[in-house]
2 protein chains.
Amino acid sequence: MPRRRSKPSESTIRRLSLYLRALEGLGEEGESTASSELLAGRVGTTAAQVRKDLSHFGSFGKRGLGYEVAPLQVHLKEILGLHRRWPVVLVGAGRIGSALFEYPHFGARGFEIVAILDRDPAKVGRRWGEVEISPMDELESVVHDRKAELAILTIPWDGAQDVAEALVAAGVRGILNFAPLQLRLPPEIEVNDVNLALEMEALSFALHLGGSQVDGVDARSGEG
Amino acid sequence: MPRRRSKPSESTIRRLSLYLRALEGLGEEGESTASSELLAGRVGTTAAQVRKDLSHFGSFGKRGLGYEVAPLQVHLKEILGLHRRWPVVLVGAGRIGSALFEYPHFGARGFEIVAILDRDPAKVGRRWGEVEISPMDELESVVHDRKAELAILTIPWDGAQDVAEALVAAGVRGILNFAPLQLRLPPEIEVNDVNLALEMEALSFALHLGGSQVDGVDARSGEG
DNA sequence: AGCTGTGAATATGTTCACAGCG
DNA sequence: CGCTGTGAACATATTCACAGCT
């Protein structure tokens with residue numbers, strides 16, 4: 001268990017995920033070792049940033065050599081909590097819920113959707129693969145029985161706050177929220193918002209501005 | 001056209017989207033005016049932050065009173081470039097693409113998916129609503145004819161880089177990218193990544209850590 | 001009196017640059 | 001000799017605190 005040297009930021013954590021994915025790619029390409037500069041190139045950041053990010057969790061590199069691909073992968077998985085299986089409850093059996101249920105990258109990371117809930121009686125009882133859609137009033141028992149600490153919320157905004165509170169009451173500690181509203185939950189509950197319209201709006205802003213002002217001397221243009 | 005006072009950060013822009021949505025809610029609730037503190041409460045930030053964010057773009061408030069809901073909504077839409085319609089090309093007619101095609105919040109913001117492309121011949125020719133799925137070799141003509149400057153990429157990683165380059169060559173300036181890989185494009189092209197597995201991993205990290213260390217005296221706990 | 005708009009102070013995140021290990 | 005690990009320098013973002021309009 002590596003000792004933590006200083007507090008990693010949210011952005012550091014998100015980059016760790018990117019490093020992990022990059023390492024998997026490098027592994028498939030047959031590389032057994034990777035320098036901070038190589039990793040940085042793959043994820044679009046700087047070598048110093050890679051080293052600083054990793055240094056929060058330990059000393060994984062070898063001076064003069066770089067990082068060994070396979071062991072670092074293991075370390076990152078452990079740091080991110082991906083060395084275990086995570087049962088997940090999906091609330092909302094609509095289009096987005098369905099897409100996420102099929103999303104291959106969740107399973108590859110140990111996230112397994114073990115239950116689906118929906119308030120629409122027409123959907124209740126249907127099966128998606130192995131999983132049968134349950135009615136909302138089974139929320140508590142399902143979360144409890146399946147020991148789910150993670151939930152994905154893909155329901156319209158009008159039910160979201162109540163459902164989120166019910167999930168927390170039942171034992172959920174982390175929520176991936178697709179409802180376009182700010183959930184009000186105790187601070188110890190981790191909420192990640194995915195706001196798709198907002199992402200488009202950020203693009204729209206950038207393009208809209210483009211004509212009138214560009215003063216970004218952008219550092220992203222690679223070196224070498 | 002409000003004068004820009006200093007450079008707004010990426011996070012400022014994202015909060016503007018949240019303010020806009022909050023204002024719409026307030027409007028529906030019949031409020032005609034909103035203080036920075038009220039807005040802050042709705043989107044989970046501080047009053048000072050709201051004022052600072054808005055001040056980058058102009059002076060929209062009245063001292064002693066706050067902001068008028070309807071006019072500020074209009075200003076925000078204009079700032080974000082939402083006073084116009086944005087034709088969007090969707091590349092990838094899979095589960096996620098389908099969910100986004102139906103996503104109601106895009107249309108409400110002026111984003112209209114005017115074309116769908118897919119490399120699977122079995123899908124080409126099918127219709128989703130008014131829109132027929134086109135083969136990939138029509139990419140250039142479709143982007144050009146529909147004057148699409150925005151694209152949404154929901155394809156597996158192995159084709160993504162090439163498709164992104166083709167989109168850019170055809171005139172696209174902004175991409176919402178769901179492929180879990182770092183696109184390498186000219187710096188003037190705006191790319192927003194939505195990495196769903198990464199979002200889950202960030203949750204996993206937080207929960208995993210939870211047992212061993214919690215030193216977040218979290219500012220989010222409201223001020224009475 | 002109330003609430004905005006904004007410089008100044010603080011906190012946080014990133015980059016530099018180099019000592020030191022392999 | 002190369003590349004990591006890291007304090008120190010720098011840059012950016014947030015919060016404070018208050019002058020100034022309404």
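In what follows, every chain begins at residue 1, and chains take the letters A, B, ... in the order their sequences are listed. Keep in mind that what you see is a predicted model, and the values were worked out from it rather than measured.
- Regarding contacts with the backbone of C/dT4, a side-chain N or O of B/Ser36 is found under 4.0 angstrom from either OP1 or OP2.
- A salt bridge is defined here as a Lys NZ or Arg NE, NH1 or NH2 lying under 4.0 Å from an Asp or Glu carboxylate O, and B/Arg84 with B/Glu112 fails to meet this definition.
- Protein atom CD of B/Glu37 is 13 Å distant from nucleotide atom P of D/dC16, rounded to whole Å.
- When rounded to the nearest whole Å, the span between CG of B/Leu39 and C1' of C/dT4 equals 13 Å.
- Look at A/Ser9 and you won't find any side-chain N or O under 4.0 angstrom from OP1 or OP2 of C/dT12.
- One finds no salt bridge joining A/Arg95 and A/Glu102 here, because no Lys/Arg side-chain nitrogen approaches an Asp/Glu carboxylate oxygen to under 4.0 Å.
- The interatomic distance linking A/Lys7 (NZ) with C/dT12 (P) rounds to 7 Å, in whole Å.
- If you measure from atom CD of A/Glu68 to atom P of D/dT4, you get 12 Å, rounded to the nearest angstrom.
- Applying the 4.0 Å criterion to OP1 and OP2 of C/dT15, one finds that A/Gln49 has a side-chain N or O inside that range.
- Ranked by how close their nearest DNA chain C nucleotide is to the 5' end, A/Ala48 and A/Gly64 are led by A/Ala48.
- Atom-to-atom, CD of B/Glu10 to C1' of D/dA11 comes out at 17 Å; the value is rounded to the nearest Å.
- An OP1 or OP2 oxygen of C/dC3 is reached within less than 4.0 angstrom by no side-chain nitrogen or oxygen of B/Ser35.
- At the phosphate of D/dT14, OP1 or OP2 sits under 4.0 Å from a side-chain N or O atom of B/Arg15.
- Rounded to whole Å, the distance from CG on A/Asp53 to C1' on C/dT14 is 10 Å.
- Under the 3.5 Å distance criterion, with hydrogens and angles disregarded, no donor-acceptor pair is assigned to the side chains of B/Glu199 and B/Asn195.
- Ion pairing of A/Arg109 with B/Glu201 is present here, as a side-chain N (NZ or NE/NH1/NH2) and a carboxylate O approach within less than 4.0 Å.
- With rounding to whole Å, A/Leu38 atom CG is found 10 Å from D/dT4 atom P.
- Comparing A/Lys62 and A/Lys52 by the nucleotide of DNA chain D whose heavy atom lies nearest to each, the residue mapping closer to the 5' end is A/Lys62.
- Between the P atom of D/dA13 and the CG atom of B/Leu16 lies a distance of 14 Å, rounded to the nearest Å.
- Proximity note for A/Ser55 (side chain, C-beta onward) versus C/dG5, D/dG5, D/dA13: the nearest is D/dG5.
- In this structure, a donor-acceptor pair under 3.5 Å is absent between the side chains of B/Thr45 and B/Arg15.
- With C/dG5, D/dC3, C/dC18 as the candidates, the nucleotide lying closest to the side chain of A/Arg51 is C/dC18.
- When the side-chain nitrogen and oxygen atoms of B/Tyr67 are compared with OP1 and OP2 of C/dG2, none of them lie within a distance under 4.0 Å.
- A donor N or O paired with an acceptor N or O is found under 3.5 Å between the base of D/dT4 and the side-chain atoms of A/Arg63.
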